[in-house]
Protein chains: 4
Amino acid sequence: MSHNTFGHLFRVTTWGESHGPAIGAVIDGCPAGIPLSEADLQPWLDLRRPGTSRHVTPRQEPDQVRILSGTFSDDRTGGPVTTGTPISLMIENQDARSKDYGDIRDKWRPGHADYTYDMKYGVRDYRGGGRSSARETASRVAAGGVARKVLGDGISIRAALVQVGARQIDRARWDWDEVSNNPFFCPDAATAELWAADMDALRTEGSSTGAIVEVVVSGLPAGWGAPVYAKLDSEMAAAMMTINAVKGVEIGAGFASAAMRGEQAADEMRMGEDGPVFLSNHNGGVLGGISTGQDLVVRFAVKPTSSIRIERRTLDRDFDETVIETRGRHDPCVGIRAVPVGEAMAAIVLADQKLRHAGQSAF
Amino acid sequence: MSHNTFGHLFRVTTWGESHGPAIGAVIDGCPAGIPLSEADLQPWLDLRRPGTSRHVTPRQEPDQVRILSGTFSDDRTGGPVTTGTPISLMIENQDARSKDYGDIRDKWRPGHADYTYDMKYGVRDYRGGGRSSARETASRVAAGGVARKVLGDGISIRAALVQVGARQIDRARWDWDEVSNNPFFCPDAATAELWAADMDALRTEGSSTGAIVEVVVSGLPAGWGAPVYAKLDSEMAAAMMTINAVKGVEIGAGFASAAMRGEQAADEMRMGEDGPVFLSNHNGGVLGGISTGQDLVVRFAVKPTSSIRIERRTLDRDFDETVIETRGRHDPCVGIRAVPVGEAMAAIVLADQKLRHAGQSAF
Amino acid sequence: MSHNTFGHLFRVTTWGESHGPAIGAVIDGCPAGIPLSEADLQPWLDLRRPGTSRHVTPRQEPDQVRILSGTFSDDRTGGPVTTGTPISLMIENQDARSKDYGDIRDKWRPGHADYTYDMKYGVRDYRGGGRSSARETASRVAAGGVARKVLGDGISIRAALVQVGARQIDRARWDWDEVSNNPFFCPDAATAELWAADMDALRTEGSSTGAIVEVVVSGLPAGWGAPVYAKLDSEMAAAMMTINAVKGVEIGAGFASAAMRGEQAADEMRMGEDGPVFLSNHNGGVLGGISTGQDLVVRFAVKPTSSIRIERRTLDRDFDETVIETRGRHDPCVGIRAVPVGEAMAAIVLADQKLRHAGQSAF
Amino acid sequence: MSHNTFGHLFRVTTWGESHGPAIGAVIDGCPAGIPLSEADLQPWLDLRRPGTSRHVTPRQEPDQVRILSGTFSDDRTGGPVTTGTPISLMIENQDARSKDYGDIRDKWRPGHADYTYDMKYGVRDYRGGGRSSARETASRVAAGGVARKVLGDGISIRAALVQVGARQIDRARWDWDEVSNNPFFCPDAATAELWAADMDALRTEGSSTGAIVEVVVSGLPAGWGAPVYAKLDSEMAAAMMTINAVKGVEIGAGFASAAMRGEQAADEMRMGEDGPVFLSNHNGGVLGGISTGQDLVVRFAVKPTSSIRIERRTLDRDFDETVIETRGRHDPCVGIRAVPVGEAMAAIVLADQKLRHAGQSAF
């Protein structure tokens, strides 16, 4: 993880600012011969796209992804396939409307990266948050689409929103099919309705709220990952913590493990028809940094958007005290659109681990 | 983070198994001219050392660290200083008593890395857990001592145990001075006594318990860290998740952020006498992956030790169903000795970020 | 150096194929606050541009570089400056004329990467050589322009062609000012004229020739670089050997060192007015992998272009024996346009070493 | 290649100074299940060991290597095998006799790293050259032994000395069997005798000489390596240039390519009984950075030892002008013992490329 690059063998480098001409990603190290076209990536981008419901930012971005390199089609390949060379993806910014950036140009939004960018770099592209905007995650979602192709159909990566504000889903009602039926990626239809009401109230008040996303990966073989500093769960944690506004990550039982006793936390084993089975999954599919073959379960907490219409005390760039309220097109719950981003990051981590595992086993 | 190496400019590579002849670390990239001797490192190792109270494993290990390279003393340096070349640290294993490993040789402990190592590598040094033993963390603590020297005295890194089992400390009673007064690194003397009773009961029952560690770093300048995949909090999360048995990491308000509203979560700013001050620290000292100058606050959850004396169902290496109970010298709460390890990992992350920040600002 | 990325702190990732829609580079880790616009980069690209004399390929490419991210201009910066975020550079391919690629589609050009790409990847973008085309080096030249800005005006990086075919320059006539006066980047006007005649003959015959490029860097401080595997000369060698068709690299006296005696090869030292001076520079400005402060001197050999009009024996993709002669727009001496590429790679290595040196010295 | 680490998946980190207590290497990423004991490594070290003839340094070092971690033997493995965890190798320094280092402590040997280390680090372990001593290469040779095991028996890596001073071997007399019959690793018995006389004269005069080493790898499959910055030949060049005193590297025809014409340099292809055959090997087994399946041929030039008994002008650490002549136990031709080091570095590069190729092809 160097600067803006993620991964070792399957490597994703993203670039671009919220209101620049374009954003994009270069995917380096993708194996050759994988069928890949823009149509494979667009559906994932459409899930993350702004402007799809009243609960997310109304910014209008078609988020059309272009593949500029790394695929080729000839008489032998029967359609475009990856060539093993870098895949350059570009998404043009459309709705970067020239507007008055006055407030966020000169004042630091509390809870936002405005202040720290200025402290680090001494200069900051304030237009729409520049590089620190969640818009950057569109590049990740596109790259995640490529990662899914590397993983193949046997591995499914799904995510859902399991908490908005203080309200959690009822896990007894978990239904993956519901996730696409509501604007929250919520697996529990009844809770989704309550969230809609919560969000309408929040929006009226000009406030925002946090959320928790859960990512579940099925179909993983046992043996991916590695000790000690390349643990699969460590890389998952790193990946999720790079998503804007994420403040916590846990695997399996996570923080609840602290209150458990040893006989409770250890997932017992029996033999099933197709090999070992575990009688529980408190470890979330990872032991010693290596996959067990169970579902990989990762949860992450997203803090409330810091761009709100409620007045907050802050400083301006001259270190004078002032107040700010942020108008404009912001997500009142950035956790919603983080759901496809979490899936994408999981895919990227796993595609890299798949290749590394193959490399490390090459004897 | 490649395999067993952590860091980019300040790089720590650890090696060694629990019951091999020795364990160690190579620290590469340490700046030259820093006074460093074994006496600077030993105190940190003594904090993590086993056998110091009835609440940790009775294994007897002096954990004497030797510096095999990378320092030099001549008439101009006035005592040993770092030379800019790799610092090789070695700790000999003393109490690796030859004993009957029968059970853990042939059976997979539920909740332990035994199974996944066998699935990945097809071979496993089962003696005391081999590479997956928490013994590896002694190397990290030694390396953390070097990292602290790189950071200098202006930055303090302290950690404490804030929860054991279901019992949390009372934060109103937090007293850093108490941390060294009880065998739990507990900042709340009253809770430490309750934990002692809890642990005595657990030990009698042959069970184990989880815990939560909190690391607090003071004295950081604003501006360390970087977007996007090199975020300071992402690296902290990765670092803590590489510690044995850790299942969750959070920064600042962490998972509690999910239930907050935007006006609550955003840390407002005012001017103080020495520069900007924040009216709260829900973000734990990091915004947009870059330090704010506030205290950096990281918490991580440690699951209960999986080596317990209570019988659990499992499989043997021939995939036959069986049961296991682990006798031997294990920590009933591995979270206790994880406290100095958490400090060490924080120091290693920050030493690396300090050097990278200097490099990235070199214009 | 991972796949298509070069550098550690100053990192250059290139992408794109010869006849795809565009090529480009992402530069990650560039310090903030450096004035940078497209006008700073274009002159370097113009030097490498095809179609500028009868001695290079007549392909017409304006090679207009666009900066898509990583710079910003506001009232405080007084013109675009780098922001510390990734700089995405893109050059659109214009003259990728749709033509019959028949021969190079189905047959492997002897001496070209056609065969090895097919062996590695099983698929190959044969249009103009795809990723293995020297066209990729335009991205490097653009990135090199950014690297020069990081290095600042005190460090000059110049290169010249010192041998074409068997004919070497006369070093007694070396004049840097001549380099821009002839189509060969030749510092010796008289030899340049002989080369012109040589090249005209070669072109008539449909053949090609090799060459040697010399890069000289002045103004380096002593102390850049590092032992053992990050030696400055090792990185220079790696960098030059990544340029298409390069088969050898040497530093200072290079291969001639083998025939020297110790008292001859060692560069003696005396004190000058501004510090230590060396009485010779057989070591090319590097000792023990670290710069001495003398001129850094790197030479590399470029083999003759393998795309020639003379019939050669080869195989086709079905492993049947055949012959090939390559028509089309090829450089008869690819070494000529390698001159600005060598400068660019030297700049990239040094910009990275500058940042790493600053990081490594940060105590 | 970061600091003192070489490789991506198969990673070698070396540590240690010439006159410290020990030197060593940590090999991380070695696949599991490979039979490995100290007896597999010692023969390679014995080839590089000092004191074996009158033509190399008389320093007496048994160079006994110990494996401190990463292998394990149980009833199923039938002898020690690698476990996939870091392999820590250590070689104790025996003949680091306490002596008067006066001259090299206070004066910079011309042509040596003394000056540049002082400029970079401000402190230097002058005892025997410290980290910059060729003694460090013993660690590489040990690591190279592990790399050979990863490559397996099908790939042979051999090297020979082909030039000492101005005297080259007669390639018509090349006989690999001769290499072990003379103290020069010379494949031409007649030339070896002439070198012996040359060296005796040099030694009498207190001078030293350069040399050229040629490494030949047979049995490589086609397809290893990668564009653009991870080219196999680029990594070979980087690896050889990290060896002490190396000033040039070339692949195949190397610098002689510059004088060739295209039809000469391109290696034509025909079909043989076992697949494609090449009618020449001017490209040294690499095209476009990827192996062709032919012999990989790498040559590197080693400059004369700078520690000579002939007086040279230099400066002392106070920048005062002085002279130095180096007495003590030095190699008059460090190129001789560089032969096994060149083999080791080739093995390390290839083991890493083997694993990366497997990883990159994992779809």
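Each chain gets a letter, A, B and so on, in the order its sequence line appears, and its residues count up from 1. From a predicted model like this one, the values you see are computed outputs, not experimental measurements.
When atom types are taken as modelled, the side chain of Arg270(A) and the backbone of Thr322(B) share a donor-acceptor pair closer than 3.5 angstrom. Proximity of a side-chain donor or acceptor of Thr116(A) to a complementary backbone N or O of Thr292(B) within less than 3.5 Å is not detected. Judged by distance alone, with hydrogens and angles left aside, the side-chain atoms of Ser257(B) form no donor-acceptor pair with the main-chain N or O of Lys303(A) at under 3.5 Å. No donor-acceptor pair closer than 3.5 Å links the side chain of Lys247(A) to the backbone N or O of Ala253(B).
Put simply, CD on Glu235(A) and OG1 on Thr242(B) are 11.0 Å apart, with the number rounded to the nearest 0.5 Å. Going from atom CG of Asn244(B) over to atom NZ of Lys231(A) covers 5.0 Å, rounded to the nearest 0.5 Å.
Heavy atoms closer than 4.5 Å to chain B are found nowhere in Ser280(A), neither backbone nor side chain. With a 4.5 angstrom heavy-atom cutoff, Thr13(A) does not touch chain B via any of its atoms. For Ile324(B), no part sits under 4.5 Å from any heavy atom of chain A, backbone or side chain. Interface remark: Phe300(A) contributes backbone atoms only to the contact with chain B (heavy atom separation under 4.5 Å). Looking at Gln163(A), only its side chain comes within 4.5 Å of chain B, counting heavy atoms on both sides. Residue Ile310(A) touches chain B through its side chain alone, counting heavy-atom pairs closer than 4.5 Å. For Thr209(A), the parts sitting under 4.5 Å from any heavy atom of chain B are the backbone and the side chain alike. Using a 4.5 Å cut-off between heavy atoms, Leu202(A) contacts chain B through its side chain alone, with no backbone atom that close. Residue Phe255(A) touches chain B through both its backbone and its side chain, counting heavy-atom pairs closer than 4.5 Å. Contacts of Gln168(A) with chain B are absent, with no heavy-atom separation under 4.5 Å from either backbone or side chain. Looking at Asp267(A), the atoms closer than 4.5 Å to chain B (heavy atoms on both sides) all sit in the backbone: N, CA, C or O.
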Subject >> Chi angles and distances behind the side chain to side chain contact (heavy atoms under 4.5 Å, CB included) call for Glu205(B), Arg261(A) >> reply: CA-CA 11 Å; Glu205(B) 297 156 25; Arg261(A) 288 167 59 104; 2.7 Å; yes
**OP:** Check the pair Glu268(A), Thr314(B) against side chain to side chain donor-acceptor pair (under 3.5 Å), reporting the backbone distance first and the verdict last.
**Re:** CA-CA 6 Å; Glu268(A) 294 181 294; Thr314(B) 191; over 6 Å; no
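Checked options Ser208(B), Ser306(B), Ser207(B); the residue passing with Glu263(A) is Ser207(B) (criterion: side-chain hydrogen bond (donor to acceptor under 3.5 Å, both in side chains)).
Ranked by heavy-atom pairs shorter than 4.5 Å toward chain B, the options Met119(A), Met241(A), Arg167(A) are led by Met241(A). Options Leu315(B), Val302(B), Val286(B), Ile243(B) differ in how many heavy-atom pairs under 4.5 Å they form with chain A, and the most are formed by Leu315(B). For chain A, the option among Ala265(B), Ala226(B), Gly289(B), Pro276(B) with the highest count of heavy-atom pairs below 4.5 Å is Pro276(B). When the candidates Thr305(B), Ile251(B), Asp233(B), Asp320(B) are compared by the number of heavy-atom contacts under 4.5 Å with chain A, Ile251(B) comes out ahead. Top candidate by heavy-atom pairs under 4.5 Å with chain B, chosen from Gly288(A), Cys333(A), Ala113(A), Gly262(A), is Gly262(A).
A heavy-atom distance below 4.5 Å is not found between the side chains of Leu287(A) and His112(B). Side-chain contact between Tyr229(A) and Thr14(B): present, with at least one pair of heavy atoms (C-beta onward) separated by less than 4.5 Å. Proximity of Tyr117(B) to Pro227(A): side-chain heavy atoms (C-beta onward) are separated by under 4.5 Å at one or more points. Pro110(A) has its side chain out of reach of Phe278(B): every pair of non-hydrogen atoms, C-beta onward, lies at least 4.5 Å apart. By the 4.5 Å heavy-atom criterion applied to side chains, Val228(A) and Arg140(B) are counted as neighbours.
In this model, a donor atom of one side chain and an acceptor atom of the other lie less than 3.5 Å apart for His357(B) and Lys120(A).
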